[in-house]
Amino acid sequence: MSDLLNARLPRGFVDRTPADLKAAHRMLETIRHVYELYGFEPVETPLIEYTDALGKFLPDQDRPNEGVFSFQDDDEQWLSLRYDLTAPLARYFAENNERLPKPYRSYRAGWVFRNEKPGPGRFRQFMQFDADTVGAPSVAADAEICMMAADTMEALGIQRGDYVIRVNNRKVLDGVMEAIGLAGDAHAGTRLTVLRAIDKLDKIGVEGVRDLLGKGRLDPSGDFTKGAGLGDAEAALVLGFVDAGKTTLGETLAALRGLIEASPKGLEGVDELALIGALVDAAGYGDRVKIDPSVVRGLEYYTGPVFEAELTFEVLDTDTGQPVRFGSVGGGGRYDGLVGRFLKEPVPATGFSIGVSRLMAALTRLGKLGAGEVAGPVVVLVMDKTPEALADYQGMVAELRRAGIPAEMYLGASGMKAQMKYADRRNAPAAVIVGSNERAAGKVQIKDLALGKALSAGITDNAQWRAERPAQQEVDRADLVAAIRAIVDATAEGGLP
RNA sequence: GCAGCUGUAGCUCAGUUGGUUAGAGCGUCGGAUUGUGGCUCCGAAGGUCCCCCGUUCGAGCCGGGGCAGCUGUACCA
């Protein structure tokens, strides 16, 4: 006994049920529709790439799987499971540079893998749905991506006001770094710490960020996080910047200009934000796409505008009753250097990625994804096991299938009661019951299981219920398909969300 | 990685100052009902009490060390 294998799922991975698959399929089709409306074309790349194509370093020999799942090929070259869809796109574009139209507008959906600690809404395998414009230097491309992101949220059923597309610019962040004396390679580490601190604003608040900018912060669990070690004046400047998001676009831009007027690069970034803001406003998206200086995005490869799609509502956790914030469900930005790693000339690019798995988790909790039952097949019960009877049952399912109605003959070993339970559990719309009496008479019994279930609520006596055979009709064998179709059609009408 | 909490049946959990045979609810299977889903009743199966070491006449319970899970936090190219 004790040498039995333990059936268990690796942590951070999930099995997907029929209902999950149905909901995910609907989501993906919705997103695909929006992306195609914007003129993006699909492409698919493999789940595995050479490790050096994904990032700039090979796995550490001691810990080759830190962050990314990696392994060595026969020829000892390092391969990795992709951890996003952007780096593979850059590889694909560079490899097919000659024959692709430019600007190249592409979308793709697929699984990505991260070897990290999983958490609620965070998995080690999850699905992303990306759209990118490669070869377009204008921030008009960035503005378009942001507006498409907003359209996608609404197509998925998220109300206007329940989400926001927040936009910032890495150049502005760089300008702030200059302003507090953190320019240059010597301060790269500190810059990173400052950016991470800013990124946590919505989680730990202004005071938390202030602590992280200074000496450090003791979080509620008792863990201490070392800070960036900035002086009070520098910290105040950074906080002022983070807080520069005002009610109107003009005010926000003016506040930003005031803070980084000494930095040409920062001002360039503000100008880009101003143009994005103007384009967005002109298109009528000003209430959904907002300039927000606290957006950072972790990835190093961003070079200009960065964006984040955030859900702004709270959901109460069904178990604990605690409010759950889902926060970011998508993000992206401009990565002008990524494709250039493969080509001699620089290639500007910008894109957006939706975290489908996390978004789905959020929508499910919000009740926006009808986790509705998946309709099962009509089940033909097997009452007799003589060759003639089996051939007859097989003939019935074949007729139903030819008519386009999913059907199956019960193939288990159990008796009739268990077969009825099986049909119930499969969510079958109907069961077909034929014993020797029916067969001799050229009849079939057809039971409407959904109707029967409704009727069963009012029944108190089991013997009576069985005797009455509710929701059951006897029809001629020749009318089997027609009778089943009537039930299936009625069930489908009533069952759809 | 760091911190806190938790490990007992398939699931959710109870288990007295350390005491002899470790329980409940739900679920599963069977019967009451040769051929009818639900309810009810009856019955059955199902356990390395996370692992190892120690204390003790005796450990699910106490001590030490591991491991795993959850939550927070850090990292997330």
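Chain letters run A, B, ... following the sequence lines, proteins first and then strands; every chain starts at 1.
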Subject >> Whichever of A/Gly435 and A/Ser414 has its nearest RNA chain B nucleotide further upstream toward 5' >> reply: A/Ser414
Original post:
Can you name the residues that form a side-chain contact (heavy atoms from CB on, under 4.5 Å) with A/Ala228, not counting sequence neighbours?
Top reply: A/Thr190, A/Thr193, A/Val194, A/Leu230
**OP:** Could you tell me the separation between the NZ atom of A/Lys117 and the P atom of B/rU73, rounded to a whole number of Å?
**Re:** 9 Å
**OP:** Indicate, yes or no, whether a donor-acceptor pair under 3.5 Å links the base of B/rC75 to the side chain of A/Arg196.
**Re:** no
**OP:** Whole angstrom is fine here: how far is it from CG in A/Leu54 over to P in B/rA77?
**Re:** 13 Å
Original post:
When rounded to the nearest Å, what value does the distance between P atoms of B/rU28 and B/rG66 take?
Top reply: 42 Å
Original post:
Going by modelled atom types, is there a donor-acceptor pair between the base of B/rU73 and the side chain of A/Lys200 at under 3.5 Å?
Top reply: no
Subject >> Integer-rounded Å distance: B/rU33 P and A/Met420 CE >> reply: 19 Å
**OP:** Measure distances between side-chain N and O atoms of A/Gln419 and base N and O atoms of B/rU36, and say whether any donor-acceptor pair falls under 3.5 Å.
**Re:** no
Subject >> Proximity to the side chain of A/Tyr83 - top-ranked nucleotide from B/rA77, B/rC76, B/rG35 >> reply: B/rA77
Subject >> B/rG15 versus B/rC52 - spacing of their P atoms, nearest Å >> reply: 25 Å
Subject >> Any A/Arg217 side-chain N or O less than 4.0 Å from OP1/OP2 of B/rU73 >> reply: no
Original post:
Does A/Phe69 have A/Arg114 sitting over its ring (NZ/CZ under 6.0 Å from centre, angle to axis within 45°)?
Top reply: no
Subject >> Positions of residues 438-456 of chain A (non-hydrogen atom under 4.0 Å from RNA chain B), listed by number >> reply: A/Glu438, A/Gln445, A/Lys447, A/Asp448, A/Leu449, A/Gly452, A/Lys453
**OP:** Mind checking side-chain hydrogen bond (donor to acceptor under 3.5 Å, both in side chains) for A/Asp75 and listing every partner two or more places apart, or none if nothing turns up?
**Re:** A/Gln77
**OP:** Could you tell me which residues satisfy salt bridge (charged side-chain N to carboxylate O under 4.0 Å, His left out) with A/Lys443, sequence neighbours excluded, listed by chain and number?
**Re:** A/Asp476
Subject >> With sequence neighbours excluded, residues passing salt bridge (charged side-chain N to carboxylate O under 4.0 Å, His left out) with A/Asp243 >> reply: none
**OP:** Look at the side-chain N and O atoms of A/Arg469 and state whether any lies under 4.0 Å from the OP1 or OP2 oxygen of B/rG37.
**Re:** no
Subject >> Phosphate OP1/OP2 of B/rU73 contacted by A/Lys226 side-chain N/O (<4.0 Å) >> reply: no
Original post:
Which nucleotide, in any strand shown, forms a Watson-Crick or G-U wobble pair with B/rG43, with both distances under 3.5 Å?
Top reply: B/rC29
Provide a list of protein-nucleic acid N or O atom pairs under 3.5 angstrom, restricted to nucleotides 39-44 of chain B.
from: B/rC39; atom 1: N4; to: A/Asn462; atom 2: ND2; distance (Å): 3.4

Subject >> Proximity to the side chain of A/Asp424 - top-ranked nucleotide from B/rU28, B/rU36, B/rG37 >> reply: B/rG37
